[in-house]
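Here's the structure, in structure tokens; my notes come after.
First listed ligand is number 1; within each ligand, the first listed atom is number 1.
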Amino acid sequence: MTTRSADTLNALPGSTLRTTTGNWVDGDQFFGRDSELHQLRERLDAGDHILLSAMRRIGKTSLMRETIRRMKGEYRTVFVDLESCGDFTEAVAHLAAGMSKHVSVLSKIKSWFKDGVDNLDEVQIADLTVRLRDRIGAGWRDRGDEVLATMAAGSPRVVVFIDELPILLGKCLRTETGDVSADGRREVEQFMLWLRWNAQQHQGRLSFVFAGSIGIEPLLRSVGLSASLNNVVSVNLEPWDTETALSCWGALGRNYDLEIDYAAGERMAERLGVCIPYHVQLFFDRVRDDARRRKARTVTLTDVDRVYAERMLRAQGGQDLHHMEERLRLAIRKPLQALAFDLLTQAAVTPALTASAALELAGRRVPPDTTDAALREVFETLEHDGYLDLGPHGHVFLSHLLRDFWERRFRRGFRPAGVDGGGHS
Ligand SMILES: Nc1ncnc2c1ncn2[C@@H]1O[C@H](COP(=O)(O)OP(=O)(O)O)[C@@H](O)[C@H]1O
Ligand SMILES: [Mg+2]
């Protein structure tokens, strides 16, 4: 419970914080998450492999980066981001390049280029990744085994952080039209089995942390591959609670000499609906910018309402929210995408998306004998990826910010279900 101990957020106890609305954060830009850092560390100390999945912008990459920062000297760490990878050869090239800062791995890599004239000590990581991709080719499995084994052989122990794994899996699974291809499924299966084999092989000496903002579990389940993840412990990263968001705004306010009324802070949290750290930072940034224009040092409830209406639903915030839209196209099979969009729009324009409305919408988009299965699959992803939550009256948006954005964007031309008493068209 939040106890109101102050009139402004700045008076709450705590430190100061530098603002950022860009990339991941660590060190003096990293706020809170004490118990998550502790839990992650405890799991890794116990030798577990971890799956860190949560919606976009909740701070997964930051949590991993801060963990890496705090592990210095106690573990050897490797961080790779697979978002830009197109296939598994490239993924292993990224992994090998990421590990090349460790001498033993670098000499292993050099041994692959024995016939060449390359001086690998001098090339940049990006360039090395390209050369490795060419060199590795179809042999990604053996080359991958070699670098992981080399890495695991040294000391201290190793943690390999693999960010945005499900994006790569999604890309490999689908053809250009968005359907699952048999080849893609086979390749994804091979890659997952390869990861699992290595995880078991180096148990106790090397741990994996996989992270991603589209659900890897629903994705694998939809193609019958969930067993490939059964040796991994799932850790969920939740949005901040209101109290944490208020303290964060307090810490930011202290740093930038901006006094936010307590009631204004509560209104900010209410507007967001869920306090996704990025949205917390973004709101502060907008409010601060607004105060600068007013040449003021204080923020009241009216200021917050104005900033929300005029600035939060647009500009940079809007662009980030567009990503929530794009990600759906990666997370959900093509034939079900239109249905997913309709369900979200219904949830945005009505108080809640009821089961009967969902059925009616499914009737418009998929063949009658597949409606149940389609709804189950779509809801699994929408719930898992943090779009919707099941409340007492039906599904509702978790994020009020996303709901308000979605309504503005998709309301026009949408025919809500249940309006004229049953879905005849
Ligand atoms: N622990 C944190 N402290 C302060 N800001 C954070 C924290 N976690 C996330 N953020 C904010 O959210 C943004 C996105 O964080 P990031 O780690 O990239 O999220 P994800 O990897 O889940 O998409 C950061 O730029 C920052 O503004
Ligand atoms: Mg990230």
Side-chain angles (χ1 to χ4, degrees), residues 9 14-41 50-70 79-85 94 98 161-168 170 209-216 234-241 243-256 268-269 272 274-289 312 315-317 319-327 330-331 384-387 398-399 401-402:
L9 300 183
S15 54
T16 62
L17 183 69
R18 285 200 295 128
T19 176
T20 175
T21 51
N23 220 333
W24 52 271
V25 293
D26 69 357
D28 65 353
Q29 291 188 308
F30 188 91
F31 187 80
R33 297 291 192 208
D34 291 335
S35 72
E36 289 88 346
L37 285 166
H38 184 77
Q39 190 195 358
L40 187 60
R41 186 55 198 266
I50 311 246
L51 174 62
L52 188 63
S53 74
M55 64 181 119
R56 197 181 145 72
R57 299 294 202 180
I58 209 137
K60 296 175 296 298
T61 306
S62 302
L63 187 75
M64 293 192 285
R65 292 290 192 169
E66 179 65 7
T67 300
I68 290 173
R69 198 183 66 84
R70 295 186 186 195
F79 179 93
V80 279
D81 182 342
L82 301 185
E83 173 148 24
S84 66
C85 288
H94 268 84
F161 295 83
I162 301 191
D163 207 356
E164 301 296 7
L165 172 64
I167 292 197
L168 171 64
V209 178
F210 305 112
S213 37
I214 57 178
I216 186 172
S234 257
V235 172
N236 276 329
L237 198 54
E238 301 288 334
W240 281 339
D241 57 19
E243 199 176 346
T244 307
L246 293 177
S247 310
C248 180
W249 285 319
L252 290 165
R254 271 192 295 280
N255 199 19
Y256 297 99
M268 286 164 79
L272 292 180
V274 283
C275 295
I276 295 167
Y278 175 69
H279 294 157
V280 170
Q281 295 261 14
L282 197 66
F283 216 156
F284 179 83
D285 199 61
R286 295 290 175 266
V287 156
R288 177 173 165 233
D289 206 44
M312 277 302 276
Q316 200 189 343
Q319 271 168 35
D320 182 62
L321 297 168
H322 280 294
H323 264 285
M324 292 298 283
E325 189 186 325
E326 282 161 30
R327 292 271 160 139
L330 285 174
H384 184 283
D385 290 0
Y387 291 80
L398 269 167
S399 162
L401 178 65
L402 181 60

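- Counting heavy atoms closer than 4.0 Å to ligand 1, residue Val25 contributes side-chain atoms (C-beta onward) but none from N, CA, C or O.
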Kindly determine whether Phe161 and Leu52 satisfy side chain to side chain contact (heavy atoms under 4.5 Å, CB included), including the steps that lead there.
-> CA-CA 10 Å; Phe161 295 83; Leu52 188 63; over 6 Å; no
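- Nearest to atom 21 (O) of ligand 1 among the protein's heavy atoms is Thr61 OG1, 2.8 Å.
- A salt bridge between Glu83 and Arg327 is present, with a side-chain N of the basic residue lying under 4.0 Å from a carboxylate O of the acidic one.
- Side-chain contact between Tyr278 and Ile58 is absent, with no heavy atoms from C-beta onward closer than 4.5 Å.
- Ligand-side atoms of ligand 1 in range of Tyr278: 11 (C), 12 (O), 13 (C), range being under 4.0 angstrom from any heavy atom.
- Per-residue contacts place Gly59 under 4.0 angstrom from the following atoms of ligand 1 (heavy atoms of the residue considered): 8 (N), 9 (C), 15 (O), 16 (P), 17 (O), 19 (O), 20 (P), 22 (O).
- At least one heavy atom of Trp240 sits closer than 4.0 Å to an atom of ligand 1.
- Among all protein heavy atoms, the one lying closest to atom 5 (N) of ligand 1 is Gln281 NE2, 2.8 Å.
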Could you give me the CA-CA distance, side-chain angles and deciding distance for Ser53 and Phe210, then say whether side chain to side chain contact (heavy atoms under 4.5 Å, CB included) is met?
-> CA-CA 8 Å; Ser53 74; Phe210 305 112; over 6 Å; no
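- Heavy atoms of Lys60 found under 4.0 angstrom from ligand 1 belong to the backbone as well as the side chain.
- Residue Phe31 has at least one heavy-atom neighbour below 4.0 Å for each of these atoms of ligand 1: 1 (N), 2 (C), 3 (N), 4 (C).
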Could you walk me through whether Val209 and Ile162 pass the side chain to side chain contact (heavy atoms under 4.5 Å, CB included) test, one step at a time?
-> CA-CA 6 Å; Val209 178; Ile162 301 191; over 6 Å; no
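- For the atom pair CG of Leu398 and CE of Met55, the computed distance is 5.5 Å after rounding to the nearest 0.5 Å.
- Nearest-residue assignment for atom 16 (P) of ligand 1 (options Ala251, Ala54, Ser62; heavy-atom criterion): Ser62.
- Relative ring orientation between Tyr256 and Phe284 is described as tilted, the plane-to-plane angle lying within the 30° to 60° band.
- Counting only heavy atoms of the protein, atom 27 (O) of ligand 1 lies nearest to Thr20 O, 2.8 Å.
- Between Arg18 and Leu252, the closest heavy-atom pair is C-CD2, 3.9 Å.
- Scanning both residues, Ser62 and Val25, for their nearest heavy atoms gives OG-N, 2.9 Å.
- At a heavy-atom cutoff of 4.0 Å, ligand 1 is contacted by the backbone of Gln29 but not by its side chain.
- Note on Ser62: not counted as a metal contact of the Mg ion (ligand 2), no N/O/S atom lying under 2.8 Å.
- Scanning all protein heavy atoms for the shortest distance to atom 10 (N) of ligand 1 gives Pro277 CB, 3.6 Å.
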Stepwise, does the side chain to side chain contact (heavy atoms under 4.5 Å, CB included) test hold for Trp24 with Met64?
-> CA-CA 9 Å; Trp24 52 271; Met64 293 192 285; over 6 Å; no
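- For Asn23, every heavy-atom contact with ligand 1 shorter than 4.0 Å involves the backbone, none the side chain.
- In this structure, of Arg56, Arg18, Arg57, the residue bringing a heavy atom nearest to atom 14 (C) of ligand 1 is Arg57.
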